[in-house]
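Here is the structure we will look at, set down as C-alpha cells.
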There are 2 protein chains.
Amino acid sequence: MAQKKNRAAGAAKAKNGIRNKLFDFKREQILEVAERFFYHRGYQATTVDAIAEELGVTKPFIYYHFENKRDILLHLLERTMSRSLSVFDGVDVEKGPPVEILKELVQRFVLAVIETRVSTAMFWRDEKDLPINDKENIRKMKRDIDGGLARIIERGIESGCFKVNDPKMVSICIAGMISWIYTWYQSDGRCTPDEIAARMSEYILNMVGAH
Amino acid sequence: MAQKKNRAAGAAKAKNGIRNKLFDFKREQILEVAERFFYHRGYQATTVDAIAEELGVTKPFIYYHFENKRDILLHLLERTMSRSLSVFDGVDVEKGPPVEILKELVQRFVLAVIETRVSTAMFWRDEKDLPINDKENIRKMKRDIDGGLARIIERGIESGCFKVNDPKMVSICIAGMISWIYTWYQSDGRCTPDEIAARMSEYILNMVGAH
DNA sequence: ATTTAATTATACTATATAGTATATTTTTCT
DNA sequence: AGAAAAATATACTATATAGTATAATTAAAT
C-alpha cells in the first residue's frame with residue numbers, strides 16, 4: 001500500500017504555475033546531464049548517483065523528479081522522436097513538386113539529426129533497455145518517418161520526376177545515410193551542418209534519378 | 001605474484017594440435033553465445049553467468065577460456081572488423097574501371113554487413129565498453145574502409161566516369177547507408193541479400209553520377 | 001508566527017554480478 | 001596402472017548500484 005512519494009508519478013496540477021515551472025526546470029536539468037552521461041558512458045553504465053553528483057544533489061532528488069532510471073531514458077527518447085517527426089511540420093507529402101519537397105525534407109532531417117545527435121545515438125543503442133510497449137511506440141515513429149519519405153518518392157516516380165524502383169528501400173537508404181551522421185559528425189569538423197545538408201540533398205536527388 | 005591460471009592469457013603452444021583445436025572450438029562456442037546475448041541484451045546487461053548457463057557450464061569455464069568479459073567482446077569485434085575489411089580482398093582500388101569496382105565493393109560490403117549484422121550492431125553500440133587503445137584500433141579499421149571507398153570515388157571523378165564532389169563525404173554516405181542495414185534487415189524480409197545488394201549498388205552508382 | 005505541505009538529504013537495504021581460491025574430475029603421459 | 005597436468009566445478013569475496021524509509025529542511029498557507 002505504499003503510496004507514491006514523488007511528483008513524477010502523478011500528473012502536475014493545473015494551478016501553482018510557478019511551482020510547476022520550477023519542477024519542469026529541474027527535470028530539464030536532470031535530462032540534460034543524463035543525456036550527456038548516457039551518450040558517453042551508455043545507459044547501463046551510467047549510475048543515478050553519478051547524475052546526482054554532477055548536479056550537486058543527491059539521489060532522492062532524482063527519484064523525486066522521475067519515477068526511475070528508465071523513466072529518464074524514456075523522456076529523452078520521446079523528445080528526440082518528436083523532434084525527428086517535426087521534420088514533416090508544414091510539409092504535405094501529397095502535394096507540391098516532389099523534387100523540392102524531398103530536398104527540403106532531407107535538409108531538415110540532416111539538421112535534426114545533427115542537432116539531436118547525442119540522443120539519436122542513444123536511440124539506436126539503448127532502445128533495448130526500454131519496456132516493450134515503449135519500444136513499440138518508438139518503432140512506430142521510425143516507421144512514420146520512413147513512410148513519409150517513401151510516399152514522396154512514390155509520388156515522384158508516378159509523376160515521372162524520379163527514376164528509381166522500390167521506393168521503400170530507397171527511403172530506408174535515405175534515412176540510414178542521414179541517421180548515420182550521428183556516428184561521424186563533429187562540431188569542429190570540416191563542414192558546417194548546412195553544407196552537409198546541401199551536399200546530402202544533392203546526393204540523394206542524384207540517387208533517386210531526379211531531373 | 002598471482003600467476004595466470006587460464007590458458008586465454010598465454011599464447012597457445014605450437015604442439016598439441018588436437019588440444020588447441022579443442023580449445024579454439026570451445027572459445028568459438030562461447031563467442032557464439034556471447035554474440036547472441038550481447039546483441040539482444042547489450043554487453044553490460046549480459047552476465048557471464050548467463051553465457052555459462054546457456055552453454056551448460058559454469059563461470060570458471062568461461063574464465064579459463066577468456067581473460068575477462070571485455071576480452072570476449074574484443075574478440076567478437078575484431079572478427080567483425082576483419083570480415084568487413086575482407087571486402088577489399090583481391091580488389092585493387094588503384095586499377096581497373098571505377099564503375100565496376102565500386103559496384104563490386106558495394107555488393108560485397110552489403111553482403112558482409114548482412115552476414116555480420118549481429119556483431120555489427122554491437123560494433124556501434126558497445127564499442128564504448130572497450131579500453132581506449134582497442135577503441136583506437138577499431139576506429140582505424142573504420143577509417144580504412146571509408147578511405148578505400150573514397151579512393152575509388154576519387155579515381156572515378158578524375159577519370160570522368162563519376163560526377164560528384166567531395167569524395168570523402170560521399171564515401172561516408174555510402175558506408176552509412178550500407179552499415180545501416182543492420183538496423184532493419186530481417187532474414188524473413190521482403191528482399192534477399194543479393195536483391196538488396198543489387199539495388200543498393202544501383203542507387204549508389206546513381207548517387208555518384210556514374211554513367 | 002505557527003502549522004502544513006513540499007522538497008531534499010542521510011543512511012540504509014537488497015540484490016546483482018565480475019572475478020577468484022580451492023577442490024574435484026578428467027585427460028595425458030610414461 | 002599410477003603420476004602429473006589440464007580442465008571444470010563448488011563455493012566464495014568484494015563491490016557496485018537501483019531504489020527506499022525516514023529525517024531534516026525549506027516554502028506555502030492560514
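What you are looking at is a predicted structure, and each value in this text was computed from that prediction instead of being measured. A note on names: the letters A, B, ... follow the listed sequences, proteins ahead of strands, and every chain is numbered from 1. Side chains included, hydrogens not; waters and symmetry mates left out as well; all remaining heavy atoms used.
- Rounded to whole Å, atom P of C/dT20 lies 9 Å from atom CG of B/N6.
- Residues from residues 29-49 of chain A with heavy atoms under 4.0 angstrom of DNA chain C: there are none.
- Considering only residues two or more places apart in sequence or on other chains, A/F61 meets the ring-ring contact (aromatic ring centres under 6.0 Å, His included) condition with A/H65.
- Evaluation of the side-chain contact (heavy atoms from CB on, under 4.5 Å) rule for A/S84 yields A/T80, A/I145 as partners, not counting sequence neighbours.
- Under the 4.0 Å criterion applied to side-chain N and carboxylate O atoms, A/D146 and A/K142 are not assigned as salt-bridge partners.
- The separation between A/R70 atom CZ and D/dA18 atom P is 13 Å, rounded to whole Å.
- Under the side-chain contact (heavy atoms from CB on, under 4.5 Å) criterion, B/E94 pairs with B/D92, B/R151, B/R155, not counting sequence neighbours.
- For A/I51 and D/dA18, the CD1 to C1' distance is 12 Å, given to the nearest whole Å.
- Residues passing the side-chain contact (heavy atoms from CB on, under 4.5 Å) test with B/S86, sequence neighbours excluded: B/R83, B/D89.
- Applying the salt bridge (Lys or Arg N to Asp or Glu O under 4.0 Å) test to residues at least two apart or on different chains, the pairs with a partner in residues 56-65 of chain A are A/D49-A/K59.
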Which donor-acceptor pairs under 3.5 Å do side chains of residues 32-40 of chain A form with protein atoms, sequence neighbours excluded?
{"residue": "A/E32", "atom": "OE2", "partner": "A/R36", "partner atom": "NH1", "Å": "2.8"}
{"residue": "A/R36", "atom": "NH2", "partner": "A/E54", "partner atom": "OE2", "Å": "2.5"}
{"residue": "A/H40", "atom": "ND1", "partner": "A/R36", "partner atom": "O", "Å": "3.1"}

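- With sequence neighbours left out, B/S187 forms a side-chain contact (heavy atoms from CB on, under 4.5 Å) with B/R117, B/Y185.
- Here C/dT7 presents its C1' atom at 15 Å from CZ of A/R27, a figure rounded to the nearest Å.
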Given the rule in the salt bridge (Lys or Arg N to Asp or Glu O under 4.0 Å) test, do A/R143 and A/E136 qualify, once you have shown the distances and angles that lead to the verdict? CA-CA 11 Å; A/R143 277 199 300 273; A/E136 198 37 55; 3.6 Å; yes
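- Residue B/H65 has a polar side-chain atom (N or O) positioned under 4.0 Å from OP1 or OP2 of D/dT8.
- Of the residues in residues 52-63 of chain B, those lying under 4.0 Å from DNA chain D by heavy-atom distance are B/V57, B/T58, B/P60, B/F61.
- With sequence neighbours excluded, the residues forming a side-chain hydrogen bond (donor to acceptor under 3.5 Å, both in side chains) with B/N165 are A/Y203, listed by chain and number.
- A ring-ring contact (aromatic ring centres under 6.0 Å, His included) check over residues 67-91 of chain A, counting only residues at least two apart or in different chains, returns the pairs A/F66-A/H75.
- In the set C/dT7, D/dA18, D/dT8, the nucleotide with an atom closest to the side chain of A/K26 is C/dT7.
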What nitrogen or oxygen pairs link the protein and nucleotides 4-6 of chain D at under 3.5 Å?
none

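- One atom, CZ of A/F23, and another, C1' of C/dA5, lie 15 Å apart when rounded to the nearest Å.
- Distance, A/K69 NZ to D/dA16 P: 15 Å, rounded to whole Å.
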